[in-house]
Amino acid sequence: MRRLGIALAMLLTISVVLPAAAQAPGAADLDAIYKIKDEGFNHSQVMDIMSYLSDVYGPRLTNSPNIKAAADWTTGKMKEWQLANVHLEPWGPFGRGWSNEKFSAQMIAPRPFNLIAFPKAWTPGTDGLVTADAVLVLVQTEDDLTKAEAQFKGQLKGKFVLTAPLPQITPHFEADAHRYTEAELADLSSQEISGGPNANADRIAQFRATRELNVKLQKFLLDEGVAAWLEPSPHDDGTITVQSGGSRDAKDPAAPPRIVLASEHYGRIYRLLKKSIPVTLQIDDENKYYDDSLDSFNIIGEIPGSDKVKADEVVMIGGHFDSWHAGTGATDNGAGSAVMLEAIRILKASGLKMKRTVRIGLWTGEEEGLLGSRAYVKDHFGDSTTMQLKPEQAKLDAYYNIDNGTGKVRGVYLQGNEAVAPLFAEWMKPFNNLGMNTLTIRNTGGTDHLSFNSVGIPGFQFIQDEIDYDSRTHHTNMDLYERIQEPDMKQMAVIVASFVYLTANREEMIPRKPLPPPTPQRQF
Ligand SMILES: [Zn+2]
């Protein structure tokens, strides 16, 4: 409560101190920013949007019934706000949909014990409630697999099989949540020079080897007819990180039911089996596949530009709308979607005139490889594999993205675009007292602004406080509404709205880097 009080006091102070002063060239338009702050801080809807996207419709796995319902709700809201050109824009093929309908897991012998566990996406369920023994078949190398095949062939039918070693768990001496310190931000603002193309070679080779071994191991377990393949979460403290364990293509080889257990619960079963104490589990895992439509969609809406000449130029904002399936996709990326929706609502509600058209794009299929934004960029702007560009590429001014959880904006990653630094430095000034002070020439990866950069469009991701994103919520069962920080969400929406407003009314478009070369192979 105390924290909320301070935050409110801070916001009220900000809304009254900004003067409508004469401005230096290139400076932010403080009258407009005053209106944006007033709408975003005093009439916010961001937490209500957030609760609908997570509590009501989450999780939003691409091509699941949930994400379709969430998209219908979202386009309904956008129409209610009187945005123009609101529509779902199809792209594809993505592949079949999947959802978990029911799940329970218990140890029933030697002692009754409830298990924290989740199925991996795109894996089949068990055939109803299955009661069976657990078997430890340790496989970490090709050699282990050969031995396991010799030792266990014909004996694993209907069993719950554990193949991973005991997770090593260490105490957490640091708090889950973290905000950037001034020293960390200063460090982030310095340019990094990479260690050369081979810096990651070992890691990639290791990753490939593990993947190949897993394919063979999966085939062995499937041929055996196991009841389910159990694995420990890479997380601990009852938190489960879980993504996909099967294919979105119905023609691919099937997977057995695959289930991720809390690492401590996996550990208990493992230690019992090591003592040769029989363990009986009871698991009910009911999953559904959806093959009616293999295509997905992006969610699009606009505020048309007010200037006859500039209205066919577009400023875009966006983030990915899809999530993984164990939590409700609150921080990843309900937060970014809610902030972007709130930003465009603020702009519309404030009645501010914007010369260029402002467009929101909420992408699906991000978690499976930036698929939705890549498809949108290819349809509208150009093909990054050939660098054949379309006329719209020259008209898209800039793209702003949010996809790093609930933490407030501390600055911008410039993606190597030096020319934009003086401009953004000016635009950040009205937000210095809200903690936004840092520009870094560095790139950040892993999300949808890359799709835009790959065809030479200035695409930016904001620097955000981590809060407990990597330590707790990212792709986990704990990615829930409670992890969302309301003051941070309001700060983000106001900053995005202001940057969009300033971009849309600037005389020239945002400076561009030289066009990148074609990337025949997918680089991200
Ligand atoms: Zn993610």
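Remember, predicted model here, so these are calculated numbers, not experimental data.
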Asker: Between Asn432 and Met436, is there a donor-acceptor pair closer than 3.5 Å when you use the side chain of the first and the backbone of the second?
Answerer: yes
Asker: Taking NZ, NE, NH1 and NH2 as the nitrogens, is one of them in Lys120 or Glu231 under 4.0 Å from a carboxylate oxygen of the other?
Answerer: yes
Asker: Take Phe424 and Phe460 through the ring pair (Phe, Tyr, Trp, His ring centres under 6.0 Å) test and state the conclusion after the steps.
Answerer: CA-CA 11 Å; Phe424 283 0; Phe460 302 101; 5.0 Å; yes
Asker: I'd like to check the side chain to side chain donor-acceptor pair (under 3.5 Å) partners of Thr440; sequence neighbours left out, ordered by chain and number.
Answerer: none
Asker: If we ignore angles and hydrogens, is there a donor and acceptor under 3.5 Å between the side chains of Thr62 and Thr364?
Answerer: no
Asker: Hey, what's the ring geometry for Phe452 with Phe381, parallel, tilted or perpendicular (30° and 60° as the breaks)?
Answerer: tilted
Asker: Looking at Thr239, is its backbone amide N or carbonyl O close enough to the side chain of Asp237 to form a donor-acceptor pair, meaning the two atoms are under 3.5 Å apart?
Answerer: no
Asker: Measure from the side-chain N and O atoms of Asp448 to the backbone N and O of Gly319, and report whether any donor-acceptor pair falls under 3.5 Å.
Answerer: no
Asker: Is it true that, when you exclude Lys355 itself, more than 12 heavy atoms of the residues, nucleotides or ligands shown sit nearer than 6.0 Å to its NZ?
Answerer: yes
Asker: Are His380 and Gln393 close enough that a side-chain donor and a side-chain acceptor fall under 3.5 Å?
Answerer: no
Asker: Would you call Lys395-Glu392 a salt bridge at under 4.0 Å N-O?
Answerer: no
Asker: Look at the aromatic rings of Trp363 and Tyr376 and report parallel, tilted or perpendicular, splitting at 30° and 60°.
Answerer: tilted
Asker: Salt-bridged, Glu313 to Lys310, with N to O below 4.0 Å?
Answerer: no
Asker: Taking atom types as modelled and ignoring hydrogens, do the side chains of His475 and Glu367 form a donor-acceptor contact shorter than 3.5 angstrom?
Answerer: yes
Asker: Where the side chain of Asn477 meets the backbone of Ala326, is there a donor-acceptor pair that is under 3.5 Å apart?
Answerer: no
Asker: Considering only NZ, NE, NH1 and NH2 on the basic side and carboxylate oxygens on the acidic side, decide whether Lys390 and Asp383 come within less than 4.0 Å.
Answerer: no
Asker: What pairs of donor and acceptor atoms, side-chain ones from residues 401-409 against any protein atom, are under 3.5 angstrom apart with sequence neighbours left out?
Answerer:
from, atom 1, to, atom 2, distance (Å)
Asn401, OD1, Tyr399, OH, 2.5
Asn401, ND2, Thr447, OG1, 3.4
Asn401, ND2, Gln461, OE1, 2.8
Asp403, OD1, His320, NE2, 3.3
Asp403, OD2, His320, NE2, 3.4
Asp403, OD2, Thr447, OG1, 2.8
Thr406, OG1, Gln485, N, 2.8

Asker: Hey, is OH on Tyr52 packed in by over 12 heavy atoms from elsewhere, all under 6.0 Å?
Answerer: no
Asker: Can you tell me if Gln243 has over 12 outside heavy atoms packed within less than 6.0 Å of its CD?
Answerer: yes
Asker: Any donor and acceptor pair, going by atom type alone, linking the side chain of His235 with main-chain N or O of Val242 inside 3.5 Å?
Answerer: no
Asker: Does the Lys NZ or Arg CZ of Arg60 fall within the cation-pi geometry relative to Phe321 - under 6.0 Å from the ring centre and within 45° of the axis?
Answerer: yes
Asker: For the pair Arg512 and Asp397, find out whether any cationic side-chain nitrogen is under 4.0 Å from an anionic carboxylate oxygen.
Answerer: no
Asker: Assess the side chains of Asp479 and Thr331: does a donor N or O sit below 3.5 Å from an acceptor N or O?
Answerer: yes
Asker: Do any N or O atoms from the side chain of Asn417 and from the backbone of Pro511 form a donor-acceptor pair under 3.5 angstrom?
Answerer: yes
Asker: Does a salt bridge link Lys490 with Glu486, judged by any charged N lying under 4.0 Å from a carboxylate O?
Answerer: yes
Asker: Would you say the side chains of Glu89 and His87 form a donor-acceptor pair under 3.5 Å?
Answerer: yes
Asker: So, Trp427 versus Thr503: side-chain donor-acceptor pair below 3.5 Å or not?
Answerer: no
Asker: Spell out, as yes or no, whether a donor-acceptor pair under 3.5 Å connects the side chain of Ser350 to the backbone of Lys35.
Answerer: no
Asker: Check whether any side-chain N or O of Asp29 sits under 3.5 Å from a backbone N or O of Asp31 as a donor-acceptor pair, and report yes or no.
Answerer: yes
Asker: Against Arg483, only a single residue in Thr473, Asp468, Thr476 fulfils side chain to side chain donor-acceptor pair (under 3.5 Å); can you say which?
Answerer: Asp468
Asker: Pairing donors with acceptors under 3.5 angstrom, does anything connect the side chains of Asn333 and Ser337?
Answerer: no
